[in-house]
Amino acid sequence: MTTRADPPMFDAAFQAKLALLIAWRRDVRRFRDEAVPQAMLDHLLDLVQLSPSVGNSQPWRIVSVTQKARRAAIRANFEQANAAALQSYQGERAALYARLKLSGLDIAPVHWAIFCDHATRQGQGLGTATMPEMLDASVSGMIATLWLAARAQGLGLGWVSILDPRAATATLDVPSDWKLIAYLCIGWPQEEHADPELVRFRWQNRTLAGRQVLER
Ligand SMILES: Cc1cc2nc3c(=O)[nH]c(=O)nc-3n(C[C@H](O)[C@H](O)[C@H](O)COP(=O)(O)O)c2cc1C
């Protein structure tokens, strides 16, 4: 990846497309049973290296989970965590929760576990002495970039966080300094929607709570 001498012009047409991309990015849990070309995944992996990170630390570490036994263990982990989560709701909320599809682990062709390497020396500690959580924040920023880049290729991405992270980390047998940030399902979406699934299933509407800007 090289640095361009002449900065590109992002014209109005591009800006309109970018707005559409942001609006049509979805958390996808319903995938088609169809492989994703490795070249497309490699392209995404190259692109996300350009994501922002504290001190330019690039602390994300990616595990592609392909082994059947490990996938089955992650799936069992999810089923258990999801059943436990269901217990924390009562009445209609519990019935609604039980109807939600909260992962695409069953069909998604690509499973990527995304970790943060808390032992990395890259970045020389810049910004993390004061706010150590910025390493994790950098990984979340990378995932946001990946989410949009994947959507631009027509791929769907679903973030699964209903997992016991300690058990998932043990299942994936990674270095002890790696912290699980996200377990991602990636593949071709079965359906396209302009609104979130949780809105469509009447779990949680969007609000303007985060739109207010305080002035001080
Ligand atoms: C940090 C994070 C964790 C999430 N975990 C889950 C999850 O465990 N299961 C799930 O179905 N969706 C999960 N989501 C997706 C959200 O439910 C989704 O982003 C939200 O409902 C808005 O929908 P949209 O992404 O389609 O706009 C997660 C999203 C984020 C950012």
Side-chain angles (χ1 to χ4, degrees), residues 18-32 44 48 51-53 59-63 65 71 73-89 93-108 110-116 133-169 171-172 178-211:
L18 180 62
L20 279 177
L21 175 66
I22 292 169
W24 281 83
R25 179 211 51 78
R26 285 282 70 74
D27 186 88
V28 172
R29 307 114 200 240
R30 299 162 202 280
F31 295 95
R32 302 204 311 262
L44 291 175
V48 299
S51 305
S53 62
W60 44 81
R61 304 289 179 261
I62 302 173
V63 177
V65 185
R71 281 198 179 193
I74 294 291
R75 185 113 183 259
N77 180 335
F78 167 78
E79 298 296 347
Q80 203 176 348
N82 203 33
L86 174 60
Q87 299 302 314
S88 64
Y89 298 105
R93 258 293 138 179
L96 182 49
Y97 185 90
R99 285 201 294 277
L100 296 174
K101 179 166 171 54
L102 294 171
S103 92
L105 292 168
D106 44 356
I107 308 278
V110 178
H111 289 202
W112 281 356
I114 314 289
F115 291 86
C116 180
E133 66 274 21
M134 290 304 109
L135 279 180
D136 292 349
S138 300
V139 178
S140 293
M142 179 281 275
I143 295 168
T145 305
L146 173 64
W147 218 328
L148 290 170
R151 181 63 186 86
Q153 306 272 354
L155 286 169
L157 180 153
W159 187 323
V160 185
S161 50
I162 305 167
L163 287 173
D164 173 344
R166 287 167 66 104
T169 303
T171 295
L172 299 176
W178 290 16
K179 175 183 167 188
L180 183 69
I181 303 296
Y183 194 95
L184 305 178
C185 293
I186 300 173
W188 303 105
Q190 265 182 23
E191 348 172 309
E192 300 283 2
H193 294 278
D195 54 345
E197 179 148 342
L198 292 189
V199 173
R200 283 199 308 288
F201 281 72
R202 302 183 187 286
W203 178 263
Q204 176 63 62
N205 276 328
R206 285 195 179 120
T207 74
L208 292 177
R211 180 65 184 81

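Both counts, for ligands and for their atoms, begin at 1 and track the order of listing.
Contact residues of ligand 1 (protein heavy atom closer than 4.0 angstrom to a ligand atom; sorted by chain and number): R25, R26, D27, R29, L102, W159, V160, S161, I162, P196, L198.
For the salt bridge (Lys or Arg N to Asp or Glu O under 4.0 Å) test, no residue two or more places apart in sequence or in another chain qualifies with R25.
Ring geometry, W178 versus F115: the interplanar angle falls from 30° to 60°, so the pair is classed tilted. The aromatic rings of Y183 and H111 stand perpendicular to each other, their planes meeting at an angle above 60°, with 30° marking the opposite boundary.
Across all their heavy atoms, I181 and S140 have their closest contact at CG2-OG, 3.9 Å. Across all their heavy atoms, G104 and C185 have their closest contact at C-SG, 3.8 Å.
With a 4.5 Å cut-off on side-chain heavy atoms, K179 and V139 do not count as touching.
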